[in-house]
Student: 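Handing you a structure now.
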Amino acid sequence: MTITNAEIAETFELMADLLELQGANPFRVRSYRNSARVIRDLPEPVADIVAQDPKRLLEIDGIGESVAAKCQTLVQTGKLPQLEELRAQVPEGLLALLRIPGLGPKKAAALHKELGIQSVADLEKACREGRVRQLKGFGEKTEKAILENLSLAQQAEQRIFWADADQIVQQLLKHLKQAPGVEQAEVAGSYRRGRETVGDLDVLVVSTQPSKVMDQFAKFADVGEVLARGDTKMSIRTKRGLQIDLRVVPAESFGAALQYFTGSKAHNIELRSRARQRGLKINEYGVYRGEERIAGRTEEEVYAALGLPWIPPELREARQEFQWADQGKLPELVRLEEIRGDLHMHTSDSDGSASLEEMAEAAVRRRLRYIAITDHSPRVSMAHGLDPRRLRKQWRLIDELNDRYEGKLKILKGVECDILEKGGMDLPDDVLAEADWVVASIHYGQRQSRQQITERMLQAIEHPSVRVIAHPTGRLINRREPYQVDLETVFREAAQHGKFLEINATPDRLDLNDVHAAAARQHGVLLVISTDAHSPEGLDAMRYGVLQARRAGLSAQDVLNTRPWHEFSRLVWGKSG
DNA sequence: GCCGTTTTCGGCCCGACTGTTTTCAGTCG
């Protein structure tokens, strides 16, 4: 089994943790963390690069001789001697201590050195016996805080879905705006960057009366406890364990603060290093030349002061956004209003909850101009998959509806046809040939080898009636692990056969990332963002799909269903209809 | 450990808050 980029990244994260506990050079530690991040986001498996030409690793920003060599060792042997060595020196249980809020590498190391603590259990015992408070740099409060935070160690790193965070955000902003003197309130952080999950919330408020805002914040219905409160900054934890940080800033610093707290951390480090090169300093209050503030009121101002165009928050991950900005190639990210069609949805004929008419009506209300009805094929018996007879019956009804909606909505006669375990499609060719829009989908045999699954997908791509491949990246609802598929081959072949790849819009999983987007662009494949709705409300999930697409750096041009109907027809069938 | 419009050495983003201090280190974002 070849090692994945995620596994390599994890290895380097672990190296960083262990080195930090040993008190190693903090820049060396950061370097490992940086390598981990870069490798996690890499468009190509490190294993493939090593197999082709290991020297190419050195071309990647943030990876040097040492990490490149370690990558090679990891790919070839699956192990890393340097890591084993470090592990032998640092007790396993110490790593868990780092997960306790308030405990960092220095304190964890001191606990180990002075009190011989090797695990969370040891630490709890030492705290209860009052031994921790006697250590230099520790005190009664620290000891008490550790005991209180022990249970948090497990639930730390728990992130909530963006959609859930969004609900809290809307309530919180409404609540805060009721405080006197509030001019502006925004949520920054990973929420603003549109990450699929959010670990905490960073709220920014412009106000001349910070203490009034903080009082109001403390009265937010969800507040479980107040963690800290200073002059400009306050932190709380909600009853369900989500941390929310509040900063009150003056109007002239709002842009700088918004930029700073939106992050990402890696993006900000790059930005600051650029400021430094220009003899400028940037912090959450503004951009400074010496003592003089030269920007800060808006984000646009801040970026402009550094010679950069405004970079959309969804792109701020220190991937390629600076390179794009330098070359004037920042994408114009796709917007929800640009989506004109939804090409994957179910009705009560299979496992949907609403009738065909209800779905069509819902689409019209959402200003869609065309949709495809794509119920399941017979193999998905659990969902009452449609056989040819029922399918044709549904299609006759669609013909009628199309007459009724003439000029308002175009309904495509579609089907989500399974790609069978042993290859081939789940419906006869003559039936598929009658459909306007065939989505090919793998639901069964997901545990097959990468090669087998790729082969099945290729067959579907080559099938003359198939238009689009659903979940090409292998991510499906109810499956934690994606199935394995050779993306490179699938993208290339799809492009060659004029087929499309579908990205599902759901609030709780990520089908698409910048890696897939880059592959799509490279091969010239158009992507389809679909909701896979099973109810009228399901159509609203389109906003999550668009958010994913934006994070991946896609513009309207990269997405098939932003096209007006005549252009869509030409791209799909080679003629305008 | 990485990197170079200060290029093979000497730097590496910056500030708030807390607790333990009596001027600051550690942690966090």
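On a predicted model such as this, the values are computed, not experimentally measured, just so you know. The figures that follow rest on heavy atoms only: side chains count, while hydrogens, waters and symmetry mates do not. Residue numbers start from 1 in every chain, and the chains themselves are labelled A, B, ... in the order their sequence lines are given, proteins ahead of strands.
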Student: Give one of base, sugar-phosphate or nothing for A:Leu103, where a contact means two heavy atoms less than 4.0 Å apart.
Tutor: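 Since only primed, P, OP1 and OP2 atoms lie under 4.0 Å of A:Leu103, the category is sugar-phosphate.
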Student: Taking the C1' atom of each, how far is B:dG1 from B:dT5, in whole Å?
Tutor: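 Each nucleotide's C1' atom is 23 Å from the other's.
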Student: Need one value for A:Pro105: base, sugar-phosphate or nothing, where a base atom within 4.0 Å counts as base even if backbone is also close, heavy atoms only.
Tutor: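 Since only primed, P, OP1 and OP2 atoms lie under 4.0 Å of A:Pro105, the category is sugar-phosphate.
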Student: Just by protein heavy atoms under 4.0 Å, how would nucleotides 1-13 of chain B read 5' to 3' in B, S and -?
Tutor: BSS--------BB
Student: Which parts of nucleotides 16-22 of chain B does protein reach within less than 4.0 Å, heavy atoms only, written one letter per nucleotide 5' to 3' as B for base, S for sugar-phosphate only and - for none?
Tutor: SSSSS--
Student: Quick one: do A:Arg33 and A:Glu13 make a salt bridge, cutoff under 4.0 Å?
Tutor: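 Judged by the 4.0 Å cut-off on N to carboxylate O distance, A:Arg33 and A:Glu13 do form a salt bridge.
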Student: Determine, for A:Arg237 against A:Asp222, whether the closest basic-nitrogen to carboxylate-oxygen distance falls under 4.0 angstrom.
Tutor: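 Result for this pair is no, no salt bridge flagged.
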Student: Check this for me, if you would: do A:Glu338 and A:Arg335 make a salt bridge, where the nitrogen-to-carboxylate-oxygen distance has to be below 4.0 angstrom?
Tutor: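 A:Arg335 and A:Glu338: salt-bridged.
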Student: For B:dC14 and B:dT8, measure between their C1' atoms and round to the nearest Å.
Tutor: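 Here B:dC14 and B:dT8 have their C1' atoms 28 Å from each other.
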Student: Compute the centroid of each ring, for A:Phe322 and then for A:His267, and state whether the two points are separated by less than 6.0 Å.
Tutor: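 Yes.
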Student: Taking only the C1' atom of each, what is the distance from B:dT22 to B:dG29 in whole angstrom?
Tutor: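 Looking at atom C1' only, B:dT22 and B:dG29 are 28 Å apart.
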Student: Taking the same atom, P, in B:dT21 and in B:dA16, what whole-Å distance lies between them?
Tutor: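 Nearest-Å result for B:dT21 against B:dA16 at atom P: 24 Å.
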Student: With distance as the sole criterion, is a donor-acceptor pair present between the side chains of A:Asp202 and A:Tyr191 under 3.5 Å?
Tutor: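 No, A:Tyr191 and A:Asp202 have no side-chain donor paired with an acceptor closer than 3.5 Å.
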Student: Quick check: on DNA chain B, is the nucleotide nearest A:Asp200 upstream (toward 5') of the one nearest A:Leu280, or the reverse? Name the residue that is more 5'.
Tutor: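 Nearer the 5' end of the strand: A:Leu280.
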Student: For salt bridge (Lys or Arg N to Asp or Glu O under 4.0 Å), just list the numbers for A:Asp17 and A:Arg99, CA-CA rounded to whole Å, side-chain angles, deciding distance to a tenth of an Å, and then say yes or no.
Tutor: CA-CA 11 Å; A:Asp17 281 347; A:Arg99 307 276 104 82; 3.3 Å; yes
Student: Pick the C1' atom in B:dG15 and in B:dT6, then give their distance to the nearest Å.
Tutor: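 Between the two C1' atoms, the distance is 26 Å.
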Student: May I ask you to decide whether A:Glu317 forms a salt bridge with A:Arg40, counting only side-chain N to carboxylate O separations under 4.0 Å?
Tutor: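 No.
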Student: Mind calculating the distance between CG (A:Leu201) and C1' (B:dG29) to the nearest angstrom?
Tutor: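 Distance, rounded to whole Å: 14 Å.
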Student: Taking a pair as Watson-Crick or G-U wobble with both distances under 3.5 Å, which nucleotide is matched to B:dG4?
Tutor: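 Here B:dG4 is engaged in a pair, and the nucleotide opposite it is B:dC9.
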Student: In this structure, how many angstroms lie between the P atom of B:dT27 and the CD atom of A:Glu20, rounded?
Tutor: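 Atom-to-atom, A:Glu20 to B:dT27, this comes out as 8 Å.
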Student: Taking B:dC12 as the reference, what is the distance to B:dC17 when you measure between their C1' atoms (whole Å, please)?
Tutor: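 After rounding to an integer number of Å, I get 24 Å for this pair.
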Student: Take atom P in B:dC13 and the same atom in B:dT18, then report the distance between them in whole Å.
Tutor: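 Those two atoms are separated by 26 Å.
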Student: Ion pair present between A:Asp326 and A:Arg274, side-chain N to carboxylate O less than 4.0 angstrom?
Tutor: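 Counted as a salt bridge, because a side-chain N and a carboxylate O are separated by less than 4.0 Å.
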Student: Is the terminal nitrogen or CZ of A:Lys70 (NZ for Lys, CZ for Arg) located under 6.0 angstrom from the six-membered ring centre of A:Phe12 and within 45° of that ring's axis?
Tutor: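 Output no; distance or angle outside limits.
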Student: Tell me the interatomic distance from A:Leu98, atom CG, to B:dG26, atom P, rounded to whole angstroms.
Tutor: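 One finds 15 Å between P of B:dG26 and CG of A:Leu98, rounded.
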Student: Just the rounded figure in Å: distance from P of B:dG29 to CZ of A:Arg237.
Tutor: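 Nearest whole value for this atom pair: 10 Å.
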Student: Side chains of A:Gln259 and A:Tyr303: any donor to acceptor distance under 3.5 Å?
Tutor: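 There is such a pair (donor and acceptor under 3.5 Å, judged by atom type) between the side chains of A:Tyr303 and A:Gln259.
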